[in-house]
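In this text, all values refer to a predicted model and were calculated from it rather than measured experimentally.
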Amino acid sequence: MHAVVSGHRLPYISGRSGNLTARRSKRADTTVRMAFREDGPTVAVVGVTGAVGQEFLQVLSDRDFPYRSIRMLASRRSAGRHLSFENREYTIEELSPESFDGVDVALFSAGGSVSREFGPVAAERGAVVVDNSSAFRMDPGVPLVIPEVNPDAMRHIRLEGRSKGAIIANPNCSTIICLMAATPLHRRAKVVRMVVSTYQAASGAGAAAMEELELQTREVLDGKRPTCKIFKQQYAFNLFSHNAPVLSNGYNEEEMKLVKETRKIWNDEDVKVTATCIRVPVMRAHAESVNLQFEKPLDEGTAREILKGAPGVVVIDDRGANRFPTPLEVSNKDDVAVGRVRQDVSQDGNHGLDIFVCGDQIRKGAALNAVQIAEMLL
């Protein structure tokens with residue numbers, strides 16, 4: 001299936017799951033939308049033509065987010081294009097400081113440089129910015145929020161009665177997906193060390209990477225040399241170390257995001273975290289192998305029950321059928337799936353667990369989390 005918005009073609013892979021919360025199907029054109037409300041906030045979507053920008057719109061619609069008006073913002077290259085959303089036609093506007101006059105909530109996903117330039121401008125003009133880039137995540141004055149994990153970090157920010165704007169950061173996709181599963185267990189037994197190996201989808205590198213993976217797959221199957229523009233090596237039928245820059249300590253930036261963001265979100269500078277991030281030829285959902293070491297004992301049965309009761313988490317852990325989470329199964333779904341829950345045999349006394357986590361990188365890893373943050377502002 002392909003979605004076409006404003007001439008921008010985005011590939012999507014949808015999966016089957018009986019237990020996961022599927023996105024709501026699109027309503028008929030005659031449906032009256034309850035999300036449009038005269039007393040709702042004015043919303044701006046920055047980077048609306050990108051993969052996450054388009055998912056912002058899908059999630060706003062799926063969740064009936066109330067709004068009085070929406071401004072569709074993008075670069076000069078996209079300005080003037082027309083976009084249809086909830087039975088209304090919009091013209092995409094070029095991003096400028098004046099774009100945020102009268103805006104209450106600004107959802108940003110246009111890259112770090114755009115966020116650094118326009119995020120503070122939007123906040124100065126009174127908007128509450130929810131930013132999906134890495135620009136502000138480690139700023140001590142900016143909350144880094146997963147609503148199911150640390151909602152109190154943004155409790156001082158609300159739309160009603162605000163005298164000024166603010167910036168709230170969306171964590172990195174791999175951090176969100178990991179901590180959705182690890183946090184409920186952390187609350188029970190306190191994680192002292194976490195080892196994460198990620199298997200990350202093309203969507204994390206944007207719509208163009210998704211399109212290139214599809215193109216390369218066809219080219220390789222046809223015996224042609226694959227087109228390598230987004231990544232400098234063959235992606236189809238291959239995997240490689242995450243394409244983020246490698247730092248002087250040998251970790252790449254993606255791996256260090258997991259380390260630093262986990263400590264900030266958990267408000268625990270002592271927790272030990274290490275990560276290895278790998279790019280795999282999957283379209284839009286990440287998978288992560290997570291090893292947890294606890295301060296207090298926690299057996300696998302108790303852990304499984306904790307995870308079953310955790311918001312935004314579904315347990316798929318059928319050993320008899322050898323059925324566990326897959327990226328395909330969680331694609332286009334809201335929930336993060338957890339399975340392979342088992343005691344770590346290298347640790348004594350029920351102080352370690354291994355789990356396997358899958359989540360949609362564009363949805364919960366980006367757009368859904370941002371819209372949930374926006375909902376908490378209301």
Side-chain angles (χ1 to χ4, degrees), residues 5-8 10 33 35-61 63 65-137 139 141-143 154 157-160 162-170 206-207 362 366-367 369-378:
V5 180
S6 261
H8 194 89
L10 288 179
R33 298 295 298 143
F36 178 75
R37 284 176 25 184
E38 291 295 339
D39 62 345
T42 293
V43 176
V45 178
V46 180
V48 71
T49 58
V52 175
Q54 292 185 32
E55 198 74 15
F56 279 150
L57 297 181
Q58 182 67 63
V59 175
L60 289 169
S61 180
R63 296 176 71 85
F65 186 88
Y67 62 89
R68 180 169 63 252
S69 63
I70 296 185
R71 296 180 188 173
M72 309 295 187
L73 305 175
S75 66
R76 179 178 300 175
R77 184 176 64 253
S78 298
R81 293 182 182 180
H82 296 285
L83 186 153
S84 179
F85 176 64
E86 295 200 336
N87 305 323
R88 294 171 181 262
E89 293 296 319
Y90 294 85
T91 300
I92 298 173
E93 304 171 36
E94 182 181 354
L95 181 62
S96 71
E98 292 71 31
S99 301
F100 301 102
D101 289 342
V103 168
D104 298 300
V105 178
L107 303 173
F108 272 67
S109 189
S113 60
V114 171
S115 292
R116 280 187 287 272
E117 180 179 357
F118 287 98
V121 170
E124 287 168 7
R125 292 177 181 243
V128 177
V129 173
V130 184
D131 180 48
N132 192 54
S133 81
S134 61
F136 307 107
R137 288 174 185 156
D139 185 324
V142 174
M154 57 170 285
I157 304 174
R158 291 292 182 270
L159 291 184
E160 187 175 350
R162 76 188 188 283
S163 58
K164 59 181 180 179
I167 298 175
I168 302 169
N170 222 26
I362 306 179
N369 199 78
V371 172
Q372 288 176 306
I373 290 172
E375 289 171 343
M376 292 172 61
L377 298 169
L378 302 177

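Atom CD1 of I70 and atom CG of L73 lie 11.0 Å apart (nearest 0.5 Å). How far CD1 of I168 is from CE of M154: 4.0 Å, rounded to the nearest 0.5 Å. Atom CD1 of I92 is separated from atom CZ of R77 by 11.0 Å, given to the nearest 0.5 angstrom. In this structure, OG in S69 is found 13.5 Å from CZ in R37, a value given to the nearest 0.5 Å. Atoms CD and OG, on Q54 and S109 in that order, are 11.0 Å from each other to the nearest 0.5 Å.
Taking all atoms of both residues into account, the shortest heavy-atom contact from G40 to R68 is O-NH1, 2.5 Å. The minimum heavy-atom distance between A135 and G112, with the atom names listed, is CB-O, 3.9 Å. V59 and A367 make their closest contact through CG2-CB, 4.1 Å (heavy atoms, listed as atom of the first residue, atom of the second, distance). For the residue pair V129 and A123, the shortest heavy atom distance occurs at CG2-N, 4.1 Å. When every heavy atom of H82 is checked against every heavy atom of E89, the shortest pair comes out as CB-OE1, 4.5 Å. In plain terms, the two heavy atoms of P41 and P66 that are nearest each other are CD-O, 3.2 Å.
With F108 as the partner, the ring-ring contact (aromatic ring centres under 6.0 Å, His included) test is satisfied by one option alone out of F136, F100, F118: F100.
Side-chain contact between L107 and L60 is present, with heavy atoms from C-beta onward closer than 4.5 Å.
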- [ ] Carefully, step by step, assess L57 and M72 under the rule side-chain contact (heavy atoms from CB on, under 4.5 Å).
- [x] CA-CA 10 Å; L57 297 181; M72 309 295 187; 3.8 Å; yes

- [ ] Check step by step if side-chain contact (heavy atoms from CB on, under 4.5 Å) holds for I167 and D139.
- [x] CA-CA 10 Å; I167 298 175; D139 185 324; over 6 Å; no

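In terms of modelled atom types and a separation under 3.5 Å, the side chain of R162 and the main chain of I157 share no donor-acceptor contact. For the pair N170 (side chain) and A366 (backbone), a donor-acceptor distance under 3.5 Å is present. Remark: side-chain polar atoms of R137 are paired, donor with acceptor, to backbone N or O of N132 under 3.5 angstrom. With hydrogens and angles ignored, the 3.5 Å screen pairs no side-chain donor or acceptor of S61 with any backbone N or O of Q58.
Sorted by first and then second residue, the pairs that involve residues 121-130 and meet side chain to side chain donor-acceptor pair (under 3.5 Å), not counting sequence neighbours, are D101-R125.
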What donor-acceptor contacts under 3.5 angstrom involve side-chain atoms of residues 371-378, with partners at least two apart or in another chain?
from : atom 1 : to   : atom 2 : distance (Å)
Q372 : OE1    : K364 : NZ     : 2.5
Q372 : NE2    : E148 : OE2    : 3.1
E375 : OE1    : R63  : NE     : 3.4
E375 : OE1    : R63  : NH2    : 2.9
E375 : OE2    : R63  : NE     : 2.8

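You'll find the ring centres of F85 and F65 outside the 6.0 Å limit.
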